[in-house]
Protein chains: 2
Amino acid sequence: MKKPTISDVAEHAHVSKSTVSQFLNERFDYMREETRERIEKSIAELNYQPNVVARSLKLKSTATIGVIVANILHSFSTQVVRAIEDKLNDNNFSTIICNADDDPIKEKRYIETLLAKQVDGLIIFPTSGNIAVYQRLVDANYPIVFVDRCVSGLSVDTVKLENHEAAGLAVEHLVMNGYEDIAIMTTSLDGDITPRVERVDGYKCALERFQKPVQEEYIKGKDRKFLKQELAELFSLPKPPQAIISGNDLTLMEILEYATENGIKIGTDIGLVTIDEVAFAQVYHPSLTTVSQPTFEMGEKAADLLLNKFNSEKSIKSQIYNFTPSLIVRDSSKEVGVSHE
Amino acid sequence: MKKPTISDVAEHAHVSKSTVSQFLNERFDYMREETRERIEKSIAELNYQPNVVARSLKLKSTATIGVIVANILHSFSTQVVRAIEDKLNDNNFSTIICNADDDPIKEKRYIETLLAKQVDGLIIFPTSGNIAVYQRLVDANYPIVFVDRCVSGLSVDTVKLENHEAAGLAVEHLVMNGYEDIAIMTTSLDGDITPRVERVDGYKCALERFQKPVQEEYIKGKDRKFLKQELAELFSLPKPPQAIISGNDLTLMEILEYATENGIKIGTDIGLVTIDEVAFAQVYHPSLTTVSQPTFEMGEKAADLLLNKFNSEKSIKSQIYNFTPSLIVRDSSKEVGVSHE
DNA sequence: CTGAAAGCGCTTACAG
DNA sequence: CTGAAAGCGCTTACAG
């Protein structure tokens, strides 16, 4: 029960392989109606399916692209990946998914495997540990798009949030609602991860804009496992913050857990705005004010940028595409002094 | 700047392609130390990377497998996919991800594309609309594993939750805590989707086990967009339920939204147990009692089953692997009559 | 210990 | 309008 090949079809239809190939590629210009029908019938009878691997080898194009995320379990990544897969599938590309876990060694290995498999392009949520590898791809004019994070000094199209503004929106909203002392908490600031750095930066700028002092003890950026401890420090400060900005969905979970464990009432005892929309924001008590990212548009844009590189001959100058965050006001950041419920 | 091929390496090292190939495949048995070093050096100098597509064509194996989920946005799917990707990557396989959206036409197209791309195997969260396609794969002895859902009459290894028991655990727990009238709500029961059908079935059996009547008006299975209306019906029954079992994470969101909008207090006004662990279960007020699935073990098992098919010659008889759910007791299902907070 | 040759299943420029 | 031939970049059985 061997799979039929193009030769089998050719033999069965009494034509040459070339002619079958013409048929498969819909080049009917010079094909006699009768030949065409015969081939069509043979394909159906033999239940022939072309072998894309052979085709790829000849055409040097696999219609497959690789996506390397840090971890697909983050809802931001899940959503972006879903949007990418949709867009690529619409254009008859397949998507290979890889989780690099912010580990440059793992990321490098994935890149090499994907290149060896001749994927036509790469969409990467980059770690900052493989600049040399990225540079090689850029130099070779290999199609590549970054998402979520930039890598400085590298000319690569990048799709990301306007993080500066995201933090600014949160600060502005809290200030307008009467909060004075505002803290911010993100996951570790060590790796120089763009969104974290930019969000803290945007937080500082916004405070300055409102002529409020930037207090270093209000800025917390540590690995997830240390966040509870950081929160304890925050709340035992001589002057604890009146509000806190959560840098992403992971910090949010830590903050909510800490609050629950310590009987701190969100929205009442402390104001809260979190960056990244979460599924339960609306049904939480109190409902959570969030700054959301247009994840689907971002994924779609990343896929589009890559697809364009396949079509257009010349490489256009690379750009950073900053997407606009939007503030969704709910109850966790109600005006100070206003009674709740 | 063309990519170097095995011929370039051969020429550069003054050996034949065969010898380079031996080197690449680490068959050093008969290779002179000196030859080996020369090849090694040439590869490094030319920065040669083997072309896996060519290799795949010859070896008839791509080291790539396809995963077709309904929708990766469901956290169950995200987690299973993550586990699958990890396991496959450990075994040097790549994972192509596809979202079929419960659409048999889309699913069929994905299967065909993946087969044309010569993936070595398939892991599918099956719709029930492509039995003929599955049957063809089974007949051809093509490696395939189902996840989450079974397809009756088909001999395919399947990894799923013991749904019957999951619903049973929820019922038992509620009954033990004094709840009398227990409803269950899932998404649409039309498509004959295994987990939904089995959960409702398990619910019924458990009620009978406790000698409680099964009341059809307490069983709700509709498309997500109709759930609010179904909830309204439930709560306007002459005798509304005292507790509700949520069939999955989507129904949970609808229930929580409905409760919030209508001032119904979860855990106080109505007991709640939800199947599928959700990230915020612990920090919700009240915290949510859940029945959780061992998602990562399930994904790993699915990958393992597939990998085994590649290694073992003979096809072992196919099996259904039922995974055990676990009840995580929290506050949304506290004993009736016991005061809360 | 190494090389020449055939072949995996396609596509395409060219000839007729 | 169709076919023979070369080639994509590998692997492997076989010969020496």
Side-chain angles (χ1 to χ4, degrees), chain A residues 1-40 42-43 46-64 92 112-113 115-120, chain B residues 1-40 42-43 46-64 92 112-113 115-120:
Chain A
M1 238 215 63
K2 244 188 95 290
K3 271 196 195 165
T5 70
I6 198 172
S7 302
D8 299 325
V9 176
E11 201 172 315
H12 190 273
H14 302 295
V15 293
S16 73
K17 290 192 300 172
S18 323
T19 308
V20 178
S21 180
Q22 307 285 14
F23 174 90
L24 293 175
N25 292 288
E26 298 182 318
R27 282 191 260 280
F28 300 131
D29 316 6
Y30 303 107
M31 200 175 295
R32 252 194 337 210
E33 181 65 21
E34 192 242 342
T35 312
R36 185 167 139 188
E37 278 167 9
R38 227 167 45 226
I39 295 176
E40 202 158 8
S42 297
I43 287 177
L46 297 174
N47 191 19
Y48 167 73
Q49 291 280 94
N51 179 327
V52 172
V53 171
R55 182 162 210 276
S56 296
L57 176 59
K58 183 68 192 178
L59 297 187
K60 296 168 172 310
S61 151
T62 52
T64 300
N92 300 313
E112 276 161 5
T113 304
L115 292 179
K117 289 192 175 174
Q118 314 296 118
V119 298
D120 293 339
Chain B
M1 241 217 58
K2 241 188 97 290
K3 272 198 194 163
T5 71
I6 199 171
S7 302
D8 299 323
V9 176
E11 200 172 316
H12 189 274
H14 302 295
V15 294
S16 74
K17 292 193 299 174
S18 321
T19 308
V20 178
S21 179
Q22 306 284 15
F23 174 92
L24 293 174
N25 292 287
E26 299 181 318
R27 280 192 260 280
F28 300 130
D29 316 7
Y30 303 106
M31 199 175 295
R32 255 199 331 216
E33 180 67 21
E34 192 242 343
T35 312
R36 183 168 142 188
E37 279 166 7
R38 230 170 40 229
I39 296 176
E40 202 158 10
S42 297
I43 287 177
L46 297 174
N47 192 19
Y48 167 72
Q49 290 280 92
N51 179 326
V52 171
V53 172
R55 184 164 208 274
S56 296
L57 176 59
K58 182 68 193 176
L59 297 187
K60 298 172 171 306
S61 151
T62 53
T64 301
N92 300 311
E112 276 162 5
T113 304
L115 292 179
K117 289 194 176 174
Q118 313 295 120
V119 298
D120 293 339

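Each chain gets a letter, A, B and so on, in the order the sequences are listed, and its residues count up from 1.
Listed for the B:Lys117 side chain is a donor-acceptor partner under 3.5 Å among the backbone atoms of A:Ala63. Side-chain atoms of A:Thr62 never come within 3.5 Å of backbone atoms of A:Ser56 as a donor-acceptor pair (strictly under, hydrogens ignored). No donor-acceptor pair closer than 3.5 Å links the side chain of B:Ser21 to the backbone N or O of B:Lys17. With hydrogens and angles ignored, the 3.5 Å screen pairs a side-chain donor or acceptor of B:Ser42 with a backbone N or O of B:Arg38.
Considering A:Asn25, A:Leu24, A:Thr5 in turn, A:Leu24 is the only one that fulfils the side chain to side chain contact (heavy atoms under 4.5 Å, CB included) rule with A:Pro50.
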**Request:** Can you check each nucleotide of nucleotides 5-13 of chain D against protein heavy atoms at under 4.0 Å and return B for base, S for sugar-phosphate only, - for none, in 5' to 3' order?
**Result:** B-BBBBBB-
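Contacts of A:Thr35 with the nucleic acid, taken as non-hydrogen atoms under 4.0 Å apart, involve only primed sugar atoms and P, OP1 or OP2.
Both key distances under 3.5 Å define a Watson-Crick or G-U pair, and stretches of 3 or more such consecutive pairs in DNA chain C run C:1-3 with D:14-16, C:5-12 with D:5-12, C:14-16 with D:1-3.
B:Gln22 contributes atom CD, which lies 13.0 Å from atom CZ of B:Arg36 (distance to the nearest 0.5 angstrom). With rounding to the nearest 0.5 Å, the separation of OG1 in A:Thr35 from CZ in A:Phe23 is 11.0 Å.
Between B:Val20 and B:Val15 the shortest side-chain heavy-atom distance falls below 4.5 Å.
Counting to the nearest Å, the C1' atom of D:dT2 and the CZ atom of A:Arg38 are 11 Å from each other.
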